[in-house]
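Below is one structure, written out as structure tokens; the observations come after it.
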Amino acid sequence: MLKTSTKQGNFSRTFTRRGFLTTSLKAGAAAFTTALLPKFHADAAGQYNVLFIMVDDLRPMLGCYGHAEMHTPNIDSLAQRGTLFNRAYCQYPLCSPSRTSMITGLRPETTGILNNSADFRQKSPDIVTLPQHFKTFGYHTQSVGRVAHLPRLQDDENSWSVPSWRPTWIPFDIETTPSWQALEVEDDELRDGKTAKRAVQVLKQIKQEQFFLAVGFYKPHLPFKAPRKYFELYDTQDFDLPASTLPPIDAPEWALTNWNSIRRYQDLPAGTEPLSDEKTLELTRAYAAATSYTDAQIGRVLAQLDVLGLTEKTIIVFCGDHGHHLGEHGIWGKQTLFEVSLRSPLIVSVPGQQAAKTNALSELVDIYPTLCEACRLPTPTQLEGLSLMPIIEEPTRPWKTAAFSQFSRGNSMRTKQYRYTEWGNSGEYGTELYDYYTDPNETVNIAHLPENSELVAHLSEKLHAGWQAVLSEIQEQFRVPQTSPWDVNDDGVVDLQDLVLISNNFGDAPENPKVDVNKDGSVNILDLLIVAAHLDESTNPAAPTTNIEISPTHLNLLAKWLAEAHLADDGSNAFKQGIATLERLLNIAIPEKTVLLPNFPNPFNPETWIPYDLAQDTDVNINIYNLKGEIIRKLNIGYQAAGAYRTKNMAAYWDGRNSVGEFVANGVYFYSLNTGKLKAIRRMTILK
């Protein structure tokens with residue numbers, strides 16, 4: 001809330017921490033959006049690059065997930081140097097809703113994206129996506145392959161530094177196409193080979209930049225097509241049949257409603273009867289071959305990182321967008337709230353970390369905040385996931401007690417031992433409960449057993465409390481004092497005092513090493529601008545809001561910092577947006593007295609800005625005079641609220657022309673500020 005004195009001439013205007021963000025930074029729906037913060041050179045602060053690899057319809061059927069029959073050496077190698085999340089779950093078992101939740105850090109009930117055609121920009125145009133956040137902070141962002149479900153959804157100019165690229169989609173008739181094909185082709189003749197080839201080229205092009213590169217692979221999405229050599233890695237005898245191809249006993253009808261679109265392929269029978277054992281194993285082999293094909297393409301991208309010397313500078317995230325049934329419960333595909341449809345592979349590799357496998361419950365919506373923390377970027381408070389960095393650092397620590405997913409009219413929750421699902425409002429269309437300790441294959445729904453009534457009531461309450469309650473549990477349990485690299489004086493919040501401390505150390509060998517923010521051995525205006533990017537962050541989100549108060553000293557310092565920033569400006573995002581932040585701070589102050597300030601630039605050629613301070617609201621007019629005292633131009637500005645009009649976007653502007661539109665000659669001129677009772681005159685020089 002804005003607090004001002006009713007006494008005219010009072011200088012100080014006080015804003016709460018939230019008030020500053022919402023009042024002076026043109027806030028949207030969320031209390032914090034990265035679009036409001038300045039960009040800066042990420043490499044100056046030591047951030048990593050990001051390689052985000054996303055695979056379509058990939059279940060955790062990989063060697064590193066305990067499937068010894070699988071040939072996935074490249075993904076397995078990544079797991080050997082990163083953290084493998086054994087219990088990672090998507091938020092919606094369908095391509096576009098799941099990918100949208102990952103890319104926005106928001107859950108489907110928030111984005112409203114519940115199908116493959118809706119565009120989150122139409123529903124919530126102000127959402128700041130994961131790549132957009134990194135782009136805001138100076139990263140080069142680029143996407144290759146299938147990152148969003150549809151091309152028009154991927155071509156989001158807010159998110160990417162350059163246009164997205166994906167291989168040409170060739171339509172096909174599903175009813176005349178077999179469900180799998182072993183093709184006599186080279187890898188690059190298919191879409192994912194083309195994607196890998198392009199990603200390798202892009203890495204070479206952007207190797208000198210700080211980058212966020214998203215690479216999306218299509219297989220093992222149906223139809224299961226791959227070069228024959230990947231089929232030759234397997235025999236149908238390598239695989240086991242599903243534990244049950246029948247629906248769970250006592251499962252509600254809503255739980256079994258899915259498209260089962262595989263039945264439309266040329267070689268498969270229509271209907272809902274389970275496929276034969278022979279056909280099931282044949283399709284499982286084809287799925288495995290398509291997975292190995294994609295693994296080989298991922299290997300090409302990872303190898304290029306090595307060749308370019310970027311591996312130790314790059315965080316790698318690998319995931320599937322959701323799971324996939326291969327005959328479990330008689331289902332082929334996704335779009336269910338069973339374990340096999342919701343569980344996704346997730347590996348995060350941070351340079352220098354200890355490799356680990358964790359059973360901590362995690363969600364794909366956690367990827368966005370994880371990358372923010374790993375790259376030392378501010379984490380937007382509107383995100384609905386939780387950074388996994390504490391688990392990467394300590395894989396066995398207590399963590400989330402539940403993961404949440406939804407589909408159609410169903411809401412599902414996975415705990416360490418159970419999956420509980422309600423269909424319709426409070427289960428009006430049925431409920432499900434599976435105990436994975438005693439029934440890991442979900443063969444019997446035990447929600448209606450009398451002995452489970454208390455358990456069901458507890459899980460229902462937890463489901464309705466939702467993800468917010470689970471995150472609050474963790475934040476309360478692990479709330480410990482933290483320090484931030486941007487909080488220079490370690491008082492818990494990044495504020496003006498941190499900027500003052502840096503300013504006081506310009507050019508010195510500092511006693512406090514934190515003032516050299518970018519660790520380049522010199523304390524200068526760039527360090528100040530980088531910290532300004534994090535202004536108002538707190539290491540304790542639950543702490544009471546603080547006040548941002550612009551004092552007379554601050555006003556003069558802001559003007560000084562701005563002048564120095566303009567002089568040193570190299571055109572980079574750090575300067576461009578840092579200057580904008582300081583200007584926003586300057587503009588929330590109310591000066592002690594009305595003053596006419598020197599024009600800038602001076603001499604000018606041929607335009608100038610005329611700054612001034614207003615101690616109270618008033619009408620403002622500025623007149624330009626020649627040496628004869630004649631008015632040659634009037635700038636009728638009109639009503640202005642009290643404030644500091646010292647920046648280009650606030651000061652009065654004169655284009656150097658007289659009242660008839662002619663540029664005036666070189667020489668001395670005067671300009672006057674007229675505010676009713678007060679009139680001030682200053683001299684200016686024109687030197688073209």
Give the C-alpha distance, both sets of side-chain angles, the deciding distance and a yes or no for side-chain contact (heavy atoms from CB on, under 4.5 Å) between Tyr368 and Val128.
CA-CA 11 Å; Tyr368 192 153; Val128 178; 4.0 Å; yes

Measure the acute angle between the ring planes of Phe224 and His324, then classify it against the limits of 30° and 60° as parallel, tilted or perpendicular.
perpendicular

Checking side-chain polar atoms at under 3.5 Å, does Ser159 have a donor or acceptor matched by the opposite partner on Thr129?
yes

If you define the side chain from C-beta out and look only at heavy atoms, does anything of Val215 sit under 4.5 Å from Leu51?
yes

Crowding at CG, Asn425 (>12 non-hydrogen neighbours, <6.0 Å):
no

Smallest heavy-atom separation, Val365 atom then Glu384 atom, equals CG1-O, 3.9 Å

Take atom CD in Gln468; do more than 12 heavy atoms of anything else shown fall under 6.0 Å from it?
yes

How long is the straight-line distance from CG of Leu114 back to CG of Leu94, given to the nearest 0.5 Å?
9.5 Å

Just grab all the salt bridge (Lys or Arg N to Asp or Glu O under 4.0 Å) pairs involving residues 281-290, residues at least two apart or on different chains.
Lys279-Glu282

Is the closest side-chain heavy-atom distance between Leu463 and Tyr420 below 4.5 Å?
yes

Distance col, row Ile347:CD1 vs Thr83:OG1, nearest 0.5 angstrom, shows 9.5 Å

Decide side-chain contact (heavy atoms from CB on, under 4.5 Å) for Thr280 and Trp332; before the verdict, give the C-alpha distance in whole Å, the side-chain angles of both, and the deciding distance to 0.1 Å.
CA-CA 10 Å; Thr280 296; Trp332 290 87; 3.8 Å; yes

Salt bridge Glu473-Lys400, side-chain N to carboxylate O under 4.0 Å:
no

Once salt bridge (Lys or Arg N to Asp or Glu O under 4.0 Å) is applied, what residue pairs with a partner in residues 54-77 remain, sequence neighbours excluded?
Asp56-Arg99, Asp56-Arg146, Asp57-Lys334, Arg59-Glu328

Let me see the working for Leu130 and Thr104 under side-chain contact (heavy atoms from CB on, under 4.5 Å), right down to the final yes or no.
CA-CA 6 Å; Leu130 171 58; Thr104 63; over 6 Å; no

Using atom types as modelled and distance alone, determine if a side-chain donor or acceptor of Thr370 lies under 3.5 Å from a backbone N or O of Ser387.
no

Say whether, by atom type as modelled, one donor and one acceptor occur between the side chain of Ser292 and the main chain of His71 under 3.5 angstrom.
yes

Verify the distance criterion only: is there a donor paired with an acceptor across the side chains of Glu373 and Thr379 at less than 3.5 Å?
no

Looking only at heavy atoms, the pair that brings Ala79 and Cys64 closest together is CB-CB, 3.7 Å

Among Thr314, Val144, Val301, find the residue that satisfies the side-chain contact (heavy atoms from CB on, under 4.5 Å) test when tested with Leu203.
Val301

Tell me if a side-chain donor or acceptor on Asn116 pairs with a main-chain N or O of Ser96 at a distance below 3.5 Å.
yes

Please confirm whether the ring centroid of Phe231 lies under 6.0 Å from the ring centroid of Trp180.
yes

Between Leu58 and Thr294, is the side-chain contact (heavy atoms from CB on, under 4.5 Å) condition met? List the steps.
CA-CA 10 Å; Leu58 181 66; Thr294 294; over 6 Å; no

Taken to the nearest 0.5 Å, the spacing of Leu84 CG from Thr358 OG1 works out to 9.0 Å

Residue of the set Asp188, Asp187, Asn74 for which side-chain hydrogen bond (donor to acceptor under 3.5 Å, both in side chains) holds with Arg300
Asp188

All ring-ring contact (aromatic ring centres under 6.0 Å, His included) counterparts of Tyr230, not counting sequence neighbours
Tyr293

Hits for ring-ring contact (aromatic ring centres under 6.0 Å, His included) against Trp254, two or more places apart or cross-chain, chain-then-number order -> Tyr429

Pairwise side-chain contact, Asp435 with Gln417, heavy-atom cut-off 4.5 Å (strictly under):
yes

What's the spacing between Asn411 CG and Leu337 CG if we round to 0.5 Å?
8.0 Å

Check ion pair Asp155-Arg166 (N to O, under 4.0 angstrom)
no

Heavy-atom closest pair (Trp160 atom, Ala214 atom, distance to 0.1 Å) is CH2-CB, 3.9 Å

Describe, in one word, how the ring planes of Tyr234 and Phe239 are oriented to each other, choosing from parallel (under 30°), tilted (30 to 60°) and perpendicular (over 60°).
tilted

For Glu451, does the CD atom sit with more than 12 other heavy atoms under 6.0 Å from it, leaving out its own atoms?
yes

Validation row: Gln91, Leu364 side chains within 4.5 angstrom (heavy atoms):
yes

Sorted by chain and residue number, the side-chain hydrogen bond (donor to acceptor under 3.5 Å, both in side chains) partners of Ser101 (sequence neighbours excluded) come out as none

Minimum side-chain heavy-atom gap Val55-Ile298 below 4.5 Å
yes

Show your working on side-chain hydrogen bond (donor to acceptor under 3.5 Å, both in side chains) between Ser341 and Gln335 and close with a plain yes or no.
CA-CA 7 Å; Ser341 182; Gln335 300 184 80; over 6 Å; no

In this structure, are over 12 heavy atoms from other groups packed under 6.0 Å from Gln354 atom CD?
no

Does Phe404 have any ring-ring contact (aromatic ring centres under 6.0 Å, His included) partners at least two apart in sequence or in another chain, and if so, which?
none

Nearest heavy-atom approach of Asn359 to Asn86 is OD1-ND2, 2.8 Å

Hey, is the main chain of Arg121 close enough, under 3.5 Å, to the side chain of Ser124 for a donor-acceptor pair?
no

Polar contact flag, side-chain donor to acceptor under 3.5 angstrom, Lys194-Thr168
no

Return the orientation label for the Tyr434 and Tyr436 ring planes: parallel under 30°, perpendicular over 60°, tilted otherwise.
tilted

Side-chain contact test, heavy atoms from C-beta onward, threshold under 4.5 Å: evaluate it for Ile331 versus Leu326 and give yes or no.
no

Given the ring of Tyr89, does Arg414 sit roughly above its face, with NZ or CZ under 6.0 Å from the centre of the six-membered ring and within 45° of the axis?
no

Taking atom types as modelled, is there a side-chain donor on Thr443 or Asn441 under 3.5 Å from an acceptor on the other?
no

On a heavy-atom basis, which atom in Gly385 and which in Asp366 lie closest, and how many Å separate them?
CA-OD1, 3.3 Å

Close side-chain approach of Phe407 to Tyr92, heavy-atom, < 4.5 Å:
yes

In terms of relative ring orientation, are His325 and Phe338 parallel, tilted or perpendicular, with 30° and 60° separating the classes?
perpendicular

Mark yes when over 12 heavy atoms from residues, nucleotides or ligands other than Lys197 sit less than 6.0 Å from its NZ; otherwise mark no.
no

Using a strict threshold of under 4.0 Å (side-chain N to carboxylate O), is an ion pair present between Glu339 and Arg419?
yes

When every non-hydrogen atom of Lys225 is compared with those of Leu190, the smallest separation belongs to O-CD1, 4.5 Å

So OG1 of Thr141 and CG of Leu213: to nearest 0.5 Å the spacing works out to 10.0 Å

Does any non-hydrogen side-chain atom of Ser349 lie less than 4.5 Å from one of Phe318?
no

